[in-house]
Amino acid sequence: MGEAIRMNTIQMIDDYEQHIGKEAVRRIKAKARPLRDLHIIHVNSTYYGGGVSQILASLTLLMNGLGIQTGWRVVHGPPDFFSVTKKFHNALQGAEINMTDRKKEIYEQVIYENAVRNHLDHDMVFIHDPQPLPLITHYRKKVPWVWRCHLDLSAPNREVWDYLVPFIEKYDAVIFSCKEYRQKIKKPQIFFMPAIDPFSIVNQDLPESAIDERLEHYGIPTDLPLVVQISRFDRWKDPLGVIQAFQKARKEVPCTLVLVGNVATDDPEGGAVYKSLLSYRNERIIILSVQDGALVNALQRRAAVVLQKSIREGFGLTVSEAMWKGAAVIGGNVGGISHQIQDGKSGFLVSSVDEAAERIVQLLRDPDLRARLGEAARERVRECFLFTRTVEQYLDLIGSFEPEFRLKEMEGSSCE
Ligand code: UDP
């Protein structure tokens, strides 16, 4: 006989019992049972980088573990396409745009090509974010289609929004992350806040030795307290504001800033944002562009303070990720961040560079405060932002479609 074959495993719903209890696991299994063998597809625009790919990586596996055949496809396109869709993304979060017919042509043509090469004959289709949105126009619709938008839609550019509405209104329902993103559209709007998977590489338990190893690997000094922000290199995450806040805080308390980011394949602006920061690098300002989930995990655990100083944020998984690890988190008081952090209780919310600097100084000087906020933060995530809640909401939604794709009343989340 040859060597034993190593059996690979995936996380199953029972594994979550330690975090959510027996009753919640039982309830999720009961909701999944009548949906077994349904064939469901999720479509987005990147396999890695960004929160949507993190969510889909865990969601699709766990759903398969529950017996629902759940697939994940990614739309393909040339750089021109992603340049246009990133401009739409920015405009939907409130930026100006020069909306031309050429942009619309590139967008619609590439999505048509994707429709030709993808054969979506599933029992239900979930389309994530604006990039693949027009796919629906190219199928004879026989099943429910849902558009799941992860962006901060608190102040969308009207020109882009109005252009997208005819596509959006072809869907049977739309999911937004927070109630304040509600729009005037003719279709049902549902609100699911995202959540984090405690077993992902970014969140799983990490021994101190592994944390040390990751930090050492990247030459991150640990002689002074670490102030950390982890985000795609995107101006909505305000990396410059983070550097400015750090520079002010450092005049009061010695510390080191670590800015770690990655660049998603559907975000052509990331490289330029990263380069624009490099002149600020010095021995106390470390800026790294890497894709390393274990490094993210290690930094969130070792940091004295975690920042997520966004100026727009659909949800901001990095906030819950850090809170889950008991970190003291300072977040921009915007979008989904303000739903995660209860100001002064499970972290701090800030609206300016000066406020961020003050909170960094306060936290660095007060380890008891850091511990208190961190403990409350972990509980907050356990109650509201663990992944199984998202799974349950998807199960509720899938089970809520009646004939003709009408949607039954659904319960809202209790953590709003
Ligand atoms: N992330 C990562 N490496 C990085 C930066 C981010 O793995 O260098 C992960 C991060 O841990 C989180 C996701 O990417 O899981 C970002 O999601 P979030 O909702 O915070 O922001 P988005 O990028 O979707 O705007």
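Just follow the structure's listing: the first ligand is 1, and inside any ligand the first atom is 1. Heavy atoms only: backbone and side chains are in, while hydrogens, waters and symmetry mates are out.
With a 4.0 Å cut-off on non-hydrogen atoms, Glu321 touches ligand 1 through its side chain and not its backbone. Heavy atoms of Val296 found under 4.0 angstrom from ligand 1 belong exclusively to the side chain. Contacts between Gln308 and ligand 1 below 4.0 angstrom, taking non-hydrogen atoms only, are absent altogether. Only the backbone of Val290 comes within contact range of ligand 1, with a heavy atom under 4.0 Å; no side-chain atom does.
The shortest N/O to N/O separation between Thr318 and ligand 1 falls below 3.5 Å.
Judged purely by distance below 3.5 Å, without hydrogens or angles, the side chains of Thr85 and Gln131 never pair a donor atom with an acceptor atom.
For atom 9 (C) of ligand 1, the nearest non-hydrogen atom of the protein is Gln54 NE2, 3.8 Å. Nearest protein neighbour of atom 23 (O) of ligand 1, counting heavy atoms only, is Arg232 NE, 2.6 Å. Ranking protein heavy atoms by distance to atom 19 (O) of ligand 1, first place goes to Leu317 N, 2.8 Å. Looking from atom 21 (O) of ligand 1 to the surrounding protein, the closest heavy atom is Lys237 NZ, 3.1 Å. For atom 24 (O) of ligand 1, the closest non-hydrogen atom of the protein is Gly51 N, 2.6 Å.
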**OP:** In sequence, state the C-alpha distance, the side-chain angles, and the governing distance for Ser200 and Gln54, and then conclude on side-chain hydrogen bond (donor to acceptor under 3.5 Å, both in side chains).
**Re:** CA-CA 9 Å; Ser200 70; Gln54 289 275 353; 4.6 Å; no

**OP:** Applying salt bridge (charged side-chain N to carboxylate O under 4.0 Å, His left out), run through Arg389 and Glu392 and close with a yes or a no.
**Re:** CA-CA 5 Å; Arg389 195 252 304 135; Glu392 195 167 345; over 6 Å; no

**OP:** List the steps and the verdict of ring pair (Phe, Tyr, Trp, His ring centres under 6.0 Å) for Phe191 and His339.
**Re:** CA-CA 13 Å; Phe191 303 92; His339 289 269; over 10 Å; no

**OP:** Take Ser209 and Arg214, measure what side-chain hydrogen bond (donor to acceptor under 3.5 Å, both in side chains) needs, and give me the verdict at the end.
**Re:** CA-CA 9 Å; Ser209 57; Arg214 277 299 79 190; over 6 Å; no

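Summarising the contacts of atom 5 (C) of ligand 1 with Asn262, Val202, Asp292, the nearest heavy atom is found in Asn262. Residue Ile230 holds the heavy atom nearest to atom 6 (C) of ligand 1 of all those in Ile230, Asp129, Leu295.
Geometrically, Lys408 does not engage Phe401 in a cation-pi contact defined by less than 6.0 Å to the ring centre and at most 45° from the axis. With a 6.0 Å cutoff to the six-membered ring centre and a 45° limit on the axis angle, Arg148 does not count as a cation-pi contact of Phe126.
Here the two rings, on Phe199 and Phe387, have centers that are 6.0 Å apart or farther.
Those atoms of ligand 1 with a heavy atom of Val260 less than 4.0 angstrom away are 8 (O). Atoms of ligand 1 lying under 4.0 Å from at least one heavy atom of Gln291, given by number and element, are 7 (O). Against a heavy-atom cut-off of under 4.0 Å, Gly316 is close to the following atoms of ligand 1: 19 (O), 20 (O). Close approach of ligand 1 to Gly261 is summarised as follows: ligand atoms under 4.0 Å from at least one heavy atom of the residue are 8 (O).
Under a 4.0 Å heavy-atom criterion, Gly293 is not in contact with ligand 1.
Remark: side-chain polar atoms of Thr70 are paired, donor with acceptor, to backbone N or O of Ile68 under 3.5 angstrom.
Ion pairing between Glu169 and Lys187 fails under the 4.0 Å rule for side-chain N and carboxylate O.
A 6.0 Å sphere centred on OH of Tyr280 holds no more than 12 heavy atoms belonging to other residues, nucleotides or ligands.
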